[in-house]
Amino acid sequence: MTDPLRHLTEVGRLGRFYSDGAWRDPAGSERVGVVNPATETVVAEIALCGGPEVEHAVAAARRAFPAWSRTAPAERAALLDRVHGLVMERLELFAQALTAEMGAPITYARQAQVPLAAAHLRVARDLLATFPFLSQRGTTAIAREAIGVCGLITPWNWPLYQITAKVGPALAAGCTVVLKPSELSPLSAFLFAEVMHEAGCPAGVFNLVNGTGPVVGEALSTHPEVDMISITGSTRAGVLVAQAAAPTVKRVAQELGGKSPNLVLPDADLARCIPLGVAAAMRNLGQSCSAPTRMLVPRSRLAEVEALARKTAAGFLVGDPLREETTHGAIANRAQYDRIQQMIRIGIEEGAKLVTGGPGRPEGLTTGLFARPTVFSEVRRDMAIAQEEIFGPVLAILPYDGVEEAVEIANDTIYGLGAHVHGTDMEQVRAVAGRIRAGQVHLNAPDWDPQAPFGGYKRSGNGREYGREGLEEYLETKAILGFYRQQD
């Protein structure tokens, strides 16, 4: 079956939560609709859980932790291998769910959203073969041990991808987890919970509790039996979680907002890097925290850049996400759509030059949360569209008069999640990358690397995901003095 709504309805998942190895009915009866943004219709209803369900799931995770944390790495790797295989086996089911719940074009869901999510499971699995959970430093042993029960809070923009980026390394580390997916795009999370169950995950090791941030997210953040919270979301949400978690002194890892620069150096090949930069800014309709939505270009080449950006945007096909030729589907939810429209109007009011796009739906579309890919030029660094995270298909082109000024503009933001640098002189490209205050920098549009750690400076958060650093986030460090003899 490739219809996720029919499947989840038939098996009765949508009104339940998953805890201690079984699907269970919540104590309350509150429900919330899941809206397909392409049609603006409610396609499903899910249960909204609360305190009792969090208590049940956390207790299950706490009971399961001692045994799971002591399993051999090979056993944990075997589980992740089975989960990876099942996700890929059900790629079409997951892709259809992503299209229904957040408007992702079906082709993009098949080629990126699901395979990249599966890659996080594969990386976590493979790391277990070589990770030094016990190492020697003189006569002292350095042990890396699972931190404990982890509350994982994931967003609506990359639903499955962010789940696997947290669940994979957490389980690999030996932690047990309680997942709270976004209530706005929860369908792929239900499917993932099914995969965990069918892969033979021991009861209590993985738990799923649906609900809102102010209820379930806060309950996890304040819970004394939760040892760590990992959240991907807005900076505002990250601050609230950190505040709620502070009294219990639990670890909080935050992957938050961004306003990433794409610094095009004077010697860059514009014909190559501008189309790539526009596409990167508008990938997933710009609904990515690391989207390079500030393009910094030499003032002397501004007209060339505008022409290339306009041509690139004209090649996008916005529309029905179920059509395979669609490149950009619908904005994931009404609140975000309204935010994008507001920011486009603000950009016009601020006096930025509208190169292409603008407010409203693309021509020919009368319903659905469809936005026009929009490019502004002659943007000043103090404009709202240059400073605020829009989280939509809106690119701001900022001219600069020298590389020193370009670096200064790149760092002129409260965020520091990602950055891009383009140029032909690699010595200069590397030097500029080293001066940008961001957790991940892409040079000349490299391939995605699931082993590259990802996370932010400044108000983009703290902690790292992906690769070895993502695994280490879920570990405590214990020093055992005198573990080795002098002759060892």
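Throughout, numbering of the chain's residues begins at 1 and tracks the sequence.
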Go through it in stages, so that I can follow the logic: the residues are Lys250 and Asp227, the test is salt bridge (charged side-chain N to carboxylate O under 4.0 Å, His left out), and I'd like the CA-CA distance, side-chain angles, deciding distance and then a yes or no. CA-CA 5 Å; Lys250 57 173 57 68; Asp227 301 292; over 6 Å; no
Do [X] and [Y] have side chains that get closer than 4.5 Å, going by heavy atoms?
X: Phe192; Y: Val167; result: yes
X: Phe391; Y: Gln336; result: yes
X: Arg144; Y: Thr477; result: yes
X: Arg272; Y: Asn444; result: yes

In terms of ring plane angle, is the pair His120 and Trp448 parallel, tilted or perpendicular, where the classes change at 30° and 60°?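 The rings of His120 and Trp448 stand perpendicular, inter-plane angle above 60°.
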Once you measure the plane-to-plane angle for Phe17 and His56, does it fall in the parallel (<30°), tilted (30-60°) or perpendicular (>60°) bin? perpendicular
Considering residues at least two apart in sequence or located in another chain, which fulfil the side chain to side chain contact (heavy atoms under 4.5 Å, CB included) criterion with Glu476? Ile147, Arg251
Are Arg464 and Tyr457 in a cation-pi contact, defined as NZ or CZ under 6.0 Å from the six-membered ring centre and within 45° of the axis? no
For the residue pair Ser185 and Met102, what are the closest heavy atoms and their distance? CB-CB, 4.3 Å
Contact summary for Leu417 and Glu255, nearest pair of heavy atoms: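 Closest approach of Leu417 to Glu255: CD2-OE2, 3.5 Å.
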Quick one: NE2 on His197 to CG on Leu208, what's the gap to the nearest 0.5 Å? 13.5 Å
Please test Lys478 against Glu145 for salt bridge (charged side-chain N to carboxylate O under 4.0 Å, His left out), starting from the C-alpha separation and ending with a verdict. CA-CA 7 Å; Lys478 176 187 287 183; Glu145 299 179 343; 3.2 Å; yes
Carefully, step by step, assess Asp81 and Arg76 under the rule salt bridge (charged side-chain N to carboxylate O under 4.0 Å, His left out). CA-CA 9 Å; Asp81 184 63; Arg76 302 198 293 272; over 6 Å; no
For His7, the option from Arg90, Glu194, Gln96 that meets side chain to side chain donor-acceptor pair (under 3.5 Å):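 Result for side chain to side chain donor-acceptor pair (under 3.5 Å) with His7: Glu194.
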Please report, to 0.1 Å, the donor-acceptor pairs under 3.5 Å made by any side chain of residues 282-291, with sequence neighbours excluded.
| unit_1 | atom_1 | unit_2 | atom_2 | d |
| --- | --- | --- | --- | --- |
| Asn284 | OD1 | Gln113 | NE2 | 3.1 |
| Asn284 | ND2 | Asn157 | O | 3.1 |
| Asn284 | ND2 | Gln287 | O | 3.1 |
| Gln287 | OE1 | Ala332 | N | 3.0 |
| Gln287 | NE2 | Asn284 | O | 3.2 |
| Ser288 | OG | Trp158 | NE1 | 2.9 |

